[in-house]
Amino acid sequence: MSLPDLPVASARAVGERLAPLPAHRRTTFWLRARRWWDDLVTGLEVYADPHTVAGRLLELAAAAYAGRADDLHVLDEQRLLEPDWFQRPDMVGYAAYTERYAASGTGLPGVAERVDHLRDLGVTYLHLMPLLEPRPAPNDGGYAVADYRSVRPDLGTMDDLRDLAATLRANRVSLCLDLVLNHVAQEHEWAVAARSGDPHYRDYFYVYADRTEPDAFEATLPEVFPDFAPGNFTWDEELSAWVWTTFNAYQWDLNWANPDVFCEMADVILNLANHGVEVLRLDAIAFTWKRKGTNCQNQPEVHQLTQALRAVARIAAPALVFKAEAIVGPDDLVHYLGRGVHHGKVSDLAYHNSLMVQIWSMLASRDVTLAAHALARIPAIPSTTAWITYLRCHDDIGWAIDDGDAAAVQLNGYEHRGFLSRFYTGDFEGSFADGLVFQHNLATGDMRVSGSAASLAGVGRALRDGDRGRLDDAVGRLLLGHALVLGWGGIPVIWSGDEIAALNDPHWDEVAEHAEDNRWAHRPALDWDVVDALADDPGSPAARVCRGLRAMVRARASLPHLHASVSAHPLPTGAPGVLGVVRQHPLGAMVGIYNVTEHDRYVPAWWLAAQGLDPHAVLDHLTGAPPPVTEYDDLRLAAYQAMWLTAR
């Protein structure tokens, strides 16, 4: 077999790589290469000679394919036959730090020992936070990678990683890892070589002899960490130059305009895939292409290059999918799942950050008007992709409220963002929250918030006050938030500890390298004593939340309406403080209704009928029974109640 425009030398090298394989394996490789060749080449058109680069990448793909384990080849074939595997309603995710999920000191093998907890929750996707070897602390929580081919020594080895992936796979759990694309640690071998004067590796980074170019870029660049890492460039004595450092001084931005960088990272991706990783979270992907006069985020070349990376992975290891870590505005976000010529050809998954922000906004304001408008305005995504939805994650919450969305519902965006920051840090009358201020930018007024879901929802305050009613409300908020996340579609991800209503860690700053970063407050070690004793105290917040989550996950798995290919359409319901989410499936409509207030609410019969459901002939899948209907045919929702309704 042959490919158009494949350089002769590359064709020969690929053939040599494949020669030891059985004939059917060789045929499969060339069929995949034909299928994704055009995607690969067009994605590489940012380079002067895309066909030559494509040839280099096909050689890398052939080497990885030839070295791939037999069971992973079988998984590849299964996934190609079931391309919607990650879109199905039985997909539920869980995210954790390895050392904070496993028993102390047990690392990756310790995660395997606790797979039963994941199975009990119904988890089918596990995201382990950065575990590739970072620089010594500080290392941005592991996102300053010093070696992409080694695991942190305290967590284990690459063999341990392969073994864990196999254990998870045997339990129908797909492993997700972070891959930092935008930068490496200054201790990475590429940066070390650049410092030593090697011109080949110096060109892996953005290096400037004086401030002329950096100042020209800075004119339009925002600051990611204004409190402890102001500016975007750092002077390095060994380089005798300024180097681009978007995040921290010890994280050097990679020069993706250099095709050698692309090939290096493609090889890293294939190596992780061959260790059994099934999902790669493409960290800081929005920053990977630089253009003067812009904020150097979301540039068109980002999507071209992601398309090319995806094509390489599809050829060698199609069981692998990409998740874009792009916490950007809705209009930019949808491009990471593919728009226009890249439709369905870039990342398979992307974070629905707006949903998380709007859930907390609704709970603070007891109003759904802004959320209904803002969420409805997000463009449709390709039917072959899916959102990652979540109530909380490892990161702080930045109040991504668009000024235009706010103005459309008669709000001031700046003031609403300020309200949310004050509310969730407890600096607002009537607040129930225990959040912490993270990165307050005095120049812009931007203030982000740290805190666990339970602390933000008011569990901590209610427990301290001994107020049973307020505790019920706090648990209700948590379960309502999870119901919205689980009922949206895509892959809902539970942040470790949220399943037991874990509060902020009061000792978060006792680890020296964490002392300046209060995001560690909502990253506590999972309390296995609480997990193991859930049945002993069924009325505790931990037991109530965990029981509720398990029930929702079971209900979700039984609902084909929650397949990610079916769009979610949010809209007001006619009842103040009640959000509706309608999904039109070939089997009929599914309607989610969510009361974000602490008061009973009534959804009019006419509204439900307008969505295609008769209030007298519906089933609430969260209770397994018909919902309560008043004498006026209205549906009554109790405080913080959610319903998932379909025709009986």
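For the residue pair H563 / S565, a side-chain donor-acceptor distance below 3.5 Å is found, with atom types taken as modelled. At a cut-off of 3.5 Å, with distance as the only test, a side-chain donor of T646 or H621 sits close to an acceptor on the other residue. Donor-acceptor pairing under 3.5 Å is lacking for the side chains of H440 and S421.
Scanning both residues, V582 and Q611, for their nearest heavy atoms gives CG2-OE1, 3.6 Å. Smallest separation of non-hydrogen atoms from P615 and L608: CA-CD2, 3.7 Å. When all heavy atoms of V485 and P492 are compared, the pair lying nearest together is CG1-CB, 3.7 Å. Between H373 and A408, the shortest heavy-atom contact is NE2-CB, 3.4 Å. The minimum heavy-atom distance linking L503 with G460 is given by the pair CD2-N, 3.5 Å. Contact detail for P604 and A575: the closest heavy-atom pair is CD-N, 4.4 Å.
Here the side chains of L177 and L128 are in contact, with some heavy-atom distance below 4.5 Å. Between R477 and W360 the shortest side-chain heavy-atom distance does not fall below 4.5 Å. Taking the side chain as every heavy atom from C-beta outward, Y640 and L363 approach each other to under 4.5 Å. In this structure, the side chains of H127 and V279 stay at 4.5 Å or more apart for every pair of heavy atoms. Using a 4.5 Å cut-off on side-chain heavy atoms (C-beta onward), W607 and V591 make contact. Residues H416 and S361 are in side-chain contact: their nearest non-hydrogen atoms beyond the backbone lie under 4.5 Å apart. The side-chain heavy atoms of W644 and L486, taken from C-beta on, include a pair separated by under 4.5 Å. At a threshold of 4.5 Å between non-hydrogen side-chain atoms, the residues L420 and I401 count as touching.
R461 contributes a side-chain N or O that, together with a main-chain N or O of S431, makes up a donor-acceptor pair within less than 3.5 Å. At least one donor-acceptor pair under 3.5 Å links the side chain of D367 to the backbone N or O of T369. With D348 contributing its side chain and F322 its backbone, the two residues share a donor-acceptor pair below 3.5 Å. E325 places no side-chain N or O within 3.5 Å of a backbone atom of I285 that could act as its donor or acceptor partner. For the pair S452 (side chain) and H522 (backbone), a donor-acceptor distance under 3.5 Å is absent.
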(message) The test is side-chain contact (heavy atoms from CB on, under 4.5 Å); show your working for L349 and I491 and say whether it passes.
(response) CA-CA 9 Å; L349 302 163; I491 303 180; 3.9 Å; yes
(request) Evaluate the salt bridge (charged side-chain N to carboxylate O under 4.0 Å, His left out) criterion for residues D116 and R119: first the C-alpha distance (whole Å), next the side-chain angles of each, then the deciding distance (0.1 Å), finally the verdict. (result) CA-CA 5 Å; D116 286 353; R119 201 164 45 218; 2.3 Å; yes
(message) Set out, in order, the CA-CA distance, both residues' side-chain angles and the distance that settles side-chain contact (heavy atoms from CB on, under 4.5 Å) for E278 and L75, then state yes or no.
(response) CA-CA 10 Å; E278 297 181 39; L75 184 66; 3.9 Å; yes
(message) With salt bridge (charged side-chain N to carboxylate O under 4.0 Å, His left out) as the criterion, how do D395 and R448 come out once you've worked through the C-alpha distance, each side chain's angles and the decisive distance to 0.1 Å?
(response) CA-CA 10 Å; D395 224 341; R448 287 131 71 183; 5.8 Å; no
(request) Output, in order, the C-alpha distance, side-chain angles, deciding distance and verdict of side-chain contact (heavy atoms from CB on, under 4.5 Å) for V581 and M590. (result) CA-CA 8 Å; V581 179; M590 174 183 166; over 6 Å; no
(message) Could you go through D331 and R377, starting from their C-alpha distance and side-chain angles, then the distance that decides it, and tell me whether this counts as salt bridge (charged side-chain N to carboxylate O under 4.0 Å, His left out)?
(response) CA-CA 9 Å; D331 291 337; R377 201 178 63 79; 3.6 Å; yes
(request) Kindly indicate, with the supporting measurements, whether the criterion salt bridge (charged side-chain N to carboxylate O under 4.0 Å, His left out) is fulfilled by D332 and R339. (result) CA-CA 10 Å; D332 291 319; R339 299 278 282 177; over 6 Å; no
(message) Set out, in order, the CA-CA distance, both residues' side-chain angles and the distance that settles side-chain contact (heavy atoms from CB on, under 4.5 Å) for N182 and Y143, then state yes or no.
(response) CA-CA 10 Å; N182 179 68; Y143 288 104; over 6 Å; no
(message) ring-ring contact (aromatic ring centres under 6.0 Å, His included), that's the test. Do W399 and F419 meet it? Break it down for me.
(response) CA-CA 10 Å; W399 301 113; F419 156 69; 9.2 Å; no
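A cation-pi arrangement is present between R79 and W85 under the rule of less than 6.0 angstrom and at most 45 degrees off the ring axis.
Here the OG-OH distance, from S174 to Y125, works out to 9.0 Å after rounding to the nearest 0.5 Å. Rounding to the nearest 0.5 Å places CG of L121 at 11.5 Å from CE of M552. Considering CG of L391 and CG of L355, their distance stands at 9.0 Å, rounded to 0.5 Å. Summarising the geometry, atom CD belonging to Q307 is positioned 5.5 Å from atom NZ belonging to K345; distances are rounded to the nearest 0.5 Å. Interatomic distance, D283 CG to D178 CG, rounded to the nearest 0.5 Å: 6.0 Å. Here Q641 contributes atom CD and L622 contributes atom CG; the two are 8.5 Å apart, rounded to the nearest 0.5 Å.
Ring pair Y101/Y94 is perpendicular by interplanar angle, where above 60° counts as perpendicular and below 30° as parallel. The aromatic rings of Y351 and Y390 lie perpendicular to each other, with more than 60° between the two planes, well past the 30° mark. H394 and W495 have tilted rings, their planes meeting at an angle from 30° to 60° on a 0 to 90° scale. Ring-plane geometry between Y97 and W520 is classed as tilted, the angle between the planes lying from 30 to 60 degrees on a 0 to 90 degree scale. A perpendicular orientation is assigned to the rings of H352 and W488, their planes being inclined by more than 60° (bins at 30° and 60°).
Atom CZ of R550 has more than 12 neighbouring heavy atoms from other residues, nucleotides or ligands inside a 6.0 Å radius.
Checked against L456 for a side chain to side chain contact (heavy atoms under 4.5 Å, CB included), the options T425, D434, V449 give a single hit: V449.
Under the salt bridge (Lys or Arg N to Asp or Glu O under 4.0 Å) criterion, the residue pairs touching residues 584-598 are R366-E598, with sequence neighbours excluded. Sorted by first and then second residue, the pairs that involve residues 599-628 and meet salt bridge (Lys or Arg N to Asp or Glu O under 4.0 Å), not counting sequence neighbours, are D600-R636.
We find that R314 and D39 are not joined by a salt bridge, their nearest charged nitrogen and carboxylate oxygen being 4.0 Å or further apart. Ion pairing of D84 with R88 is present here, as a side-chain N (NZ or NE/NH1/NH2) and a carboxylate O approach within less than 4.0 Å.
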Please tabulate, for side-chain N and O atoms in residues 626-633, each donor-acceptor pair with protein atoms closer than 3.5 Å (sequence neighbours left out).
residue	atom	partner	partner atom	Å
T630	OG1	Y632	N	3.1
T630	OG1	D634	N	3.2
D633	OD1	H616	NE2	2.6

